[in-house]
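Proteins come first, then strands; the chains are lettered A, B, ... in the order of their sequence lines, and each starts at number 1. The structure presented is a predicted model; accordingly, all values stated were derived computationally and were not measured. The basis for the numbers below is simple: all heavy atoms, side chains too, and nothing from hydrogens, waters or symmetry mates.
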Amino acid sequence: MTLDSKIPAGRLEDKWTSYQAKSHLINPANKKKLNILVVGSGLAGAGAAATLAELGYQVQCFCYQDSPRRAHSVAAQGGINAAKNYQHDGDSVWRMFYDTLKGGDFRSREANTYRLAELSAPLIDHFVQQGVPFAREYGGVLANRSFGGVQVQRTFYARGQTGQQLLLAAYSQLSKMIRAKKVAMFARHEVLDIVVIQGKAKGVIARDLATGEIKRFAADAVVLATGGYSRVFRLSTLAIGCNGSAIWKAHKRGAYFAAPSFTQIHPTALPQTSESQSKLTLMSESLRNDGRIWVPKKKDDNRQAKDIPEEERDYYLERRYPSFGNLAPRDIASRAAKERIDAGYGVGQLKNAVYLDFKHAINKLGKDVIQDKYGNLFSMYEKITGINAYEEPMKISPAAHFSMGGLWVDYELMTSIPGLYAIGECNYSDHGANRLGANSLLQTSIDGYFILPNTINNYLEGELKETRPDVNHPEFVKVEDEVKSQIGKILAINGHRTTDDFHRELGKVMWQECAMSRNKKGLEKAILQIKEIKDAFWKEVKVTGHDNEMNPELEKALRLADFIELAILMCTDALERNESCGAHFREEYQTEDGEAMRNDEDYKYVSVWEYDAGDFKLHKEVLEFEYVQPTVRSYK
Amino acid sequence: MKITFKIWRQEGANSEGSFKTYDIDGLTEDMSFLEALDHLNERLVLKGEKVVAFDHDCREGICGQCGVFINGRAHGPHDHMTTCQLHMRSFKDGETIVVEPYRAGAFPVVKDLVVDRTAFDRIIEQGAYITAKTGTAAEANAILIPKEVADNSMDVAACIGCGACVATCKNASAALFTSAKINHLNKLPQGQPEAHRRLVGMTDQMAIENFGSCTFTAACEVECPAEISISSIAEMNARYVKAKLFG
């Protein structure tokens, strides 16, 4: 199969408009006959399910949580970008497009990235209409703040709970359509496989997590909106239930996986304190607007932060990147922190953290202003660490956070399986090799609200003539049997190690070899180690309880089984890419002062992987840059 | 750290439940309460027993999925804190901790510590939205909203839907939850066209779901992780009276 990105012809500025003008339409009476499954209820999933239902389609929506309102979009803190230019500071769609393309180190499509910027302004209009209580100025207009990697103020926010407020707006809109009986919601349901019939996605197999019942759902199209897979590292900022199972199963059924190793390590999370830790809490990047990051100039300095005088502090981001300073993009800020920590300048009990200090901002602006901007983040910090960050600096550390990689999609957000779409974080579309802060809420919302509802008709129009296979089709029976047999197999192993034990082992290998910095030897070793973990898992894991009941241990084991396989692909991908770009930093490819060395001559493509009976075959989508010439990405 | 857990175990909605006692060692003060439960569950698996089912997801206090009764209090010993934010340093070495599910008629037990809070979703379905289709919005700054109004709206919009207010209320009232959502939207200009319909629809549903009435004991606001004040309930009641009198 060839990779057709389906980028419309014409000028960059006109592509989306001309696409919409030419795509097929479906009349309202026919939309009613079409059934769409939406897997996931975050901003992408809930936005898509509600909008598709408003358009007249029959929608069934799934989430593994007890309510769609819990999806992990809820945890995004800092904000959402939009090229409104309300601050009159020189912003524009073009500048936002450029910032995003550059932020992603020129590893995304121009057309996709431009569309992201183009649709950002109407998205803010939409969320205001839906009642999101965005921060306001006294005069009543919307307020903005800065985020990493840009020099304008284009981030809209609702305190430190922007994701929560946007998700609740999407959940509200979804609830409206549930009440109208246009969406059937299946909470506590986990999609365990995709049913592909004659090359087209026609349904899913899901497990009712409350009863263990395995169910079949048939449809005319399937939309995956399942979020990121950074839990492959075990310790991450993600929710415990976040997983890669649906996209992994889709991959094994023929959907190509793009740039799996492009995962973002966030610079400002709370440091790990013990082995038994289950997650790393994020501290919003917005804190870097007013907080200054530093470590002591002296190695192994055991003095308390307040006892270290100004001249003995190393504000290393300001030192290395004077023009962006503390607002350097995430990949750069994380690597810089790792560099200082590895060199022995880390702080905290395990010497694995750096300081994020608000002393100067509090002195300058007053405690009230800081409290108004970040109050909930400071109180969250105190709840978790017992430390008052108005009095002493926060201790922060890099943590796995976001997957730029995901299922390969074309301009219409369709995967390489016709009728199977991937939206939001689970696809690879706009962020390239590194996502800019506050672009995540943006991309996931735009995919769900604006793009998919305008592209899916182009496919479904052709499906009107087809009869929808019913759930007794032999392929449904076959896939269901496979799901059941995997569950049976895991429960039957009855070994001597817990799922968490294997997950910790996998996480350590991935964090060591496939996170902030990577090298050939390490990745080759990691692949062998992960294969050993896989073998051991299928011989030694112990899962108690039964398949026909609520069984959280079984859920975990099924997710981990897929993470293990995905981890092999991530390392394979990182190994193949002999360059450093964005979040992908290969130690062999760096400048003398430790900056990433991109290689456009040989790697100006998206790595697109096809599953091939346990192995992976590489396809390349070469990126054409017509409007912006890739330059060395400098924030100095 | 050594802890004795007394945990409510119940196979399913229609089974009898009971407390079971587990002595557990090897905990540390830095562990979160849910990590202590993880620790217990790993030991149960190795012994061949079923794990304790409990709801949780984000583990940073925002998704609202976690929530159990700990030593007689929703979300444990601290005010305004979710179960996932609670850490073992809040307990003494050797202490016995009693853990049970939220108890409310409208929140039936699903299994062990897991309850069914879909009644909340059904309240939301009765009007916690603005009826406007995607794609119909006007320019955002065309609606001016004073900072104080946006801030007050945000204060109540911050509700995480965890259900601690219901669990702690002697009447199992959902007034704090429902009022928070109504006031979030009814304070804003965008919420005005449906303000009355929303108020009546959502409060009616509260009664249909068998939540109790509010008698202003203020127990809920002590537990609310989002620190929503009971003045939100007073505001809802005032809006209700106004709506009934003046339509």
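Put simply, CG on A:Asp66 and CG on B:Asp57 are 9.0 Å apart, with the number rounded to the nearest 0.5 Å. For the atom pair CZ (B:Arg59) and OG1 (A:Thr281), the distance works out to 10.5 Å, reported to the nearest 0.5 Å. One distance of note links OH of A:Tyr138 with CD of B:Glu148; it measures 6.5 Å at 0.5 Å rounding.
Side-chain atoms of B:His184 never come within 3.5 Å of backbone atoms of A:Pro133 as a donor-acceptor pair (strictly under, hydrogens ignored). A:Gln165 places a side-chain N or O within donor-acceptor distance of the main-chain N or O of B:Ala157, the cut-off being under 3.5 Å.
The minimum heavy-atom distance between A:Ser67 and B:Asp121, with the atom names listed, is OG-OD1, 2.8 Å. Taking all atoms of both residues into account, the shortest heavy-atom contact from A:Ser175 to B:Ile124 is OG-CG2, 3.5 Å.
Remark: B:Asp25 CG is packed, more than 12 non-hydrogen atoms of other residues, nucleotides or ligands lying under 6.0 Å away. Few gaps surround CZ on B:Arg89; more than 12 heavy atoms of other groups in view lie less than 6.0 Å from it.
Salt-bridge annotation for A:Arg188 and B:Asp55: present, with a side-chain N of the basic residue lying under 4.0 Å from a carboxylate O of the acidic one. A salt bridge links A:Arg504 with B:Glu42: the closest approach of a Lys/Arg side-chain nitrogen to an acidic carboxylate oxygen falls below 4.0 angstrom. The pair B:Glu60-A:Lys383 fails the salt-bridge criterion, with no side-chain N (NZ, NE, NH1 or NH2) lying under 4.0 Å from an Asp/Glu carboxylate O. In summary, A:Asp372 and B:Lys147 engage in a salt bridge, as defined by a charged side-chain N under 4.0 Å from a carboxylate O.
Side-chain contact annotation: A:Ser278 with B:Glu35, donor-acceptor N/O pair under 3.5 Å present.
With a 4.5 Å cut-off on non-hydrogen atoms, B:Val156 does not touch chain A at all.
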